[in-house]
Amino acid sequence: MKKILITGGCGFIGSHTIREILKNKEIELLINLDALTYSGNPTNLQDLKDERYRFIHGSINDYELVMSIIKERNIQVILNLAAESHVDRSIDSAVAFIETNIKGTMVLLECIKNRKSVGHEVHLIHVSTDEVYGSLGPEDPEFTEKTPLDPKNPYSASKASSDFLVNSFVNTFQISAIITRCSNNYGPNQFPEKLIPLMTIRALNGESLPVYGDGMQIRDWIHVTDHAKGIITAMEGLIKGIISPGEVINFGASNEVRNIEIVKQIIKLTNSSEEQISYVEDRPGHDRRYAMGYEKAKKALGWEPEIGWDDGLRQTIGWYEENSDWIDKILNGTYQ
Ligand code: NAD
């Protein structure tokens with residue numbers, strides 16, 4: 001598979017996935033279709049100089065545009081990472097989540113279906129999240145690919161809807177698509193509304209560190225590079241027939257950490273003070289715990305996370321410390 005369309009490539013995970021894909025010299029063309037919403041940040045890729053890479057500013061909701069890219073560039077695989085991705089924003093308003101996460105995915109599926117009808121097969125890797133499985137109790141076993149979907153907030157409900165749509169197109173039209181679901185990512189280039197960059201930047205600036213509720217919410221944190229490698233491994237698994245259309249692959253890191261522990265680790269690594277912690281009203285409907293089982297990715301694809309939490313967190317915080325330009329451009333609005 002030499003001609004790939006990635007959507008949402010200017011975002012956090014998309015930009016890391018682009019860098020990983022281009023390490024493969026056999027790739028001839030990688031098109032990044034990104035609408036540059038608030039979280040789309042072209043500076044994430046500004047140092048990228050590779051003639052096989054092309055950026056197109058546009059939306060996955062634009063059927064004519066997506067269709068023309070697939071057709072004219074003879075695209076063989078789509079990696080769908082374009083999304084509205086922040087739970088808090090979905091609580092403020094779910095409209096953009098329905099538009100991009102559900103309707104946008106639907107546009108990609110329609111394009112794939114219609115190209116298939118003229119003999120052009122386009123594979124789809126639809127990137128989803130552990131949040132579609134809902135919330136775990138303290139003693140519950142971790143999620144597997146067989147865990148029933150039970151989304152609890154508008155963001156995860158929109159992602160679960162798109163997952164159902166993908167599998168409905170596999171079943172009804174026999175398109176070649178799989179779904180990957182990953183736990184919480186951390187690493188460089190994450191938009192500073194998410195926990196780790198938000199707390200790091202505020203800690204470095206000597207500001208208060210707002211912790212939701214009791215801070216005891218647990219997430220299974222994975223480094224973004226491990227996730228990017230997982231997406232690529234899943235793509236190769238689908239193309240080689242190791243995994244079949246309609247299958248789901250979970251990625252996690254067996255790294256369950258409470259939010260408050262993360263904040264305290266960030267405080268240590270940035271030499272700031274626990275007095276900066278300020279407990280604020282909890283997010284409505286806040287899921288308590290996620291934990292991802294990834295036995296299938298290990299057994300079927302030979303994928304395992306490689307970056308340990310302590311090293312990964314230190315490297316990530318170091319990156320935010322060293323890249324104050326990247327932060328300033330976001331804070332003063334000039335990043336786009
Ligand atoms: P992000 O918000 O950093 O990036 C999303 C990107 O999509 C941005 O570049 C944005 O401009 C683009 N985009 C939004 N709407 C678009 C549209 N209509 N057309 C084209 N581009 C559009 O998100 P992220 O954290 O990189 O997440 C990427 C994907 O991975 C999402 O599907 C998310 O659900 C999933 N995911 C994220 C995490 C995580 O911890 N961040 C974990 C598991 C899964």
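Whatever order the structure lists them in is the order used to number ligands and atoms, beginning at 1.
Among all non-hydrogen protein atoms, the one lying nearest atom 20 (C) of ligand 1 is Ala35 N, 3.3 Å. Looking at atom 5 (C) of ligand 1, its nearest protein heavy atom turns out to be Ala83 O, 3.5 Å. The nearest protein atom to atom 19 (N) of ligand 1, hydrogens excluded, is given as Ile60 N, 3.0 Å; this is a heavy-atom distance. The nearest protein atom to atom 9 (O) of ligand 1, hydrogens excluded, is given as Asp34 OD2, 2.5 Å; this is a heavy-atom distance. Remark: minimum distance from atom 40 (O) of ligand 1 to any protein heavy atom is reached at Asn185 N, 2.9 Å. The nearest heavy-atom contact from the protein to atom 22 (C) of ligand 1 is Ala82 CB, 3.6 Å.
The closest approach between Tyr186 and ligand 1 stays at or above 4.0 Å for every heavy atom of the residue.
At a heavy-atom distance under 4.0 Å, no atom of Tyr38 approaches ligand 1. At a 4.0 Å heavy-atom cut-off, ligand 1 touches Leu36 through the backbone alone. Only side-chain heavy atoms of Lys159 come within less than 4.0 Å of ligand 1; its backbone N, CA, C and O stay farther off.
In summary, the atoms of ligand 1 found under 4.0 Å from a heavy atom of Gly58, numbered by their order in the structure, are 19 (N), 20 (C). Atoms of ligand 1 lying under 4.0 Å from any heavy atom of Ser183, numbered from 1 in the order shown and given with element: 42 (C), 43 (C). Close contacts between ligand 1 and Ser85 involve ligand atoms 1 (P), 2 (O), 23 (O) [criterion: under 4.0 Å to a heavy atom]. Contact atoms of ligand 1 toward Ser128: 43 (C), 44 (C) (distance under 4.0 Å to a heavy atom of the residue). Residue contact check: Leu81 has heavy atoms under 4.0 Å from atoms 28 (C), 29 (C), 31 (C), 32 (O) of ligand 1. The contact set between ligand 1 and Phe12, taken as ligand atoms under 4.0 Å from a residue heavy atom, comprises 3 (O), 25 (O), 26 (O). Of all atoms in ligand 1, numbered sequentially from 1 with element shown, those under 4.0 Å from a heavy atom of Gly8 are 6 (C), 7 (O), 9 (O), 12 (C). Per-residue contacts place Tyr155 under 4.0 angstrom from the following atoms of ligand 1 (heavy atoms of the residue considered): 33 (C), 34 (O).
Ion pairing between a basic and an acidic side chain is recognised when a charged N comes within 4.0 Å of a carboxylate O; Glu295 and Lys298 show such pairing. A salt bridge is defined here as a Lys NZ or Arg NE, NH1 or NH2 lying under 4.0 Å from an Asp or Glu carboxylate O, and Asp214 with Arg258 fails to meet this definition. Salt bridge Glu193/Arg89: present, at least one basic N to carboxylate O contact under 4.0 Å. Salt-bridge check for Asp47 with Lys49: failed, with every basic side-chain N at 4.0 Å or more from each acidic carboxylate O. At a threshold of 4.0 Å, the pair Lys2-Glu26 does not count as salt-bridged, since none of the basic side-chain nitrogens sits closer than that to a carboxylate oxygen. Using a 4.0 Å cut-off between a side-chain N of Lys or Arg and a carboxylate O of Asp or Glu, Arg314 and Asp311 qualify as a salt bridge.
Rounding to the nearest 0.5 Å gives a distance of 12.5 Å between CD1 of Ile78 and CE of Met235. Rounding to the nearest 0.5 Å gives a distance of 12.0 Å between CG of Asp220 and OH of Tyr290. Trp303 CH2 to Glu236 CD: the interatomic distance, rounded to the nearest 0.5 Å, is 14.5 Å.
At a 3.5 angstrom cut-off on N or O pairs, Thr37 counts as close to ligand 1. At a 3.5 angstrom cut-off on N or O pairs, Gly11 counts as close to ligand 1. When only interatomic distances are considered, the shortest N/O to N/O separation between Glu84 and ligand 1 does not fall below 3.5 Å. At under 3.5 Å, not a single nitrogen or oxygen of Cys182, backbone or side chain, sits near a nitrogen or oxygen of ligand 1. Residue Asn41 has no nitrogen or oxygen atom sitting less than 3.5 Å from a nitrogen or oxygen atom of ligand 1, judged on distance alone.
Under the 6.0 Å distance and 45° angle rule, Arg219 does not count as a cation-pi partner of Tyr186.
Hydrophobic clustering, with ILVMFWY side chains joined whenever heavy atoms are under 4.5 angstrom apart, keeps Val166 apart from Ile13. The hydrophobic clustering, which links ILVMFWY residues whose side-chain heavy atoms are closer than 4.5 Å, places Met199 and Trp319 apart.
Looking only at side-chain heavy atoms (C-beta outward), Ile249 and Lys296 come within less than 4.5 Å of each other.
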Pair Phe191-Tyr38, ring pair (Phe, Tyr, Trp, His ring centres under 6.0 Å): steps then yes or no: CA-CA 9 Å; Phe191 198 79; Tyr38 78 93; 5.1 Å; yes

Steps toward ring pair (Phe, Tyr, Trp, His ring centres under 6.0 Å) verdict (Tyr155, His86): CA-CA 7 Å; Tyr155 162 66; His86 192 43; 8.7 Å; no

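Which of Ile56, Asn61, Ile13 comes nearest to atom 37 (C) of ligand 1 through a heavy atom is settled by distance: it is Ile13. The residue from Thr100, Thr180, Val107, Val127 that puts a heavy atom closest to atom 15 (N) of ligand 1 is Thr100.
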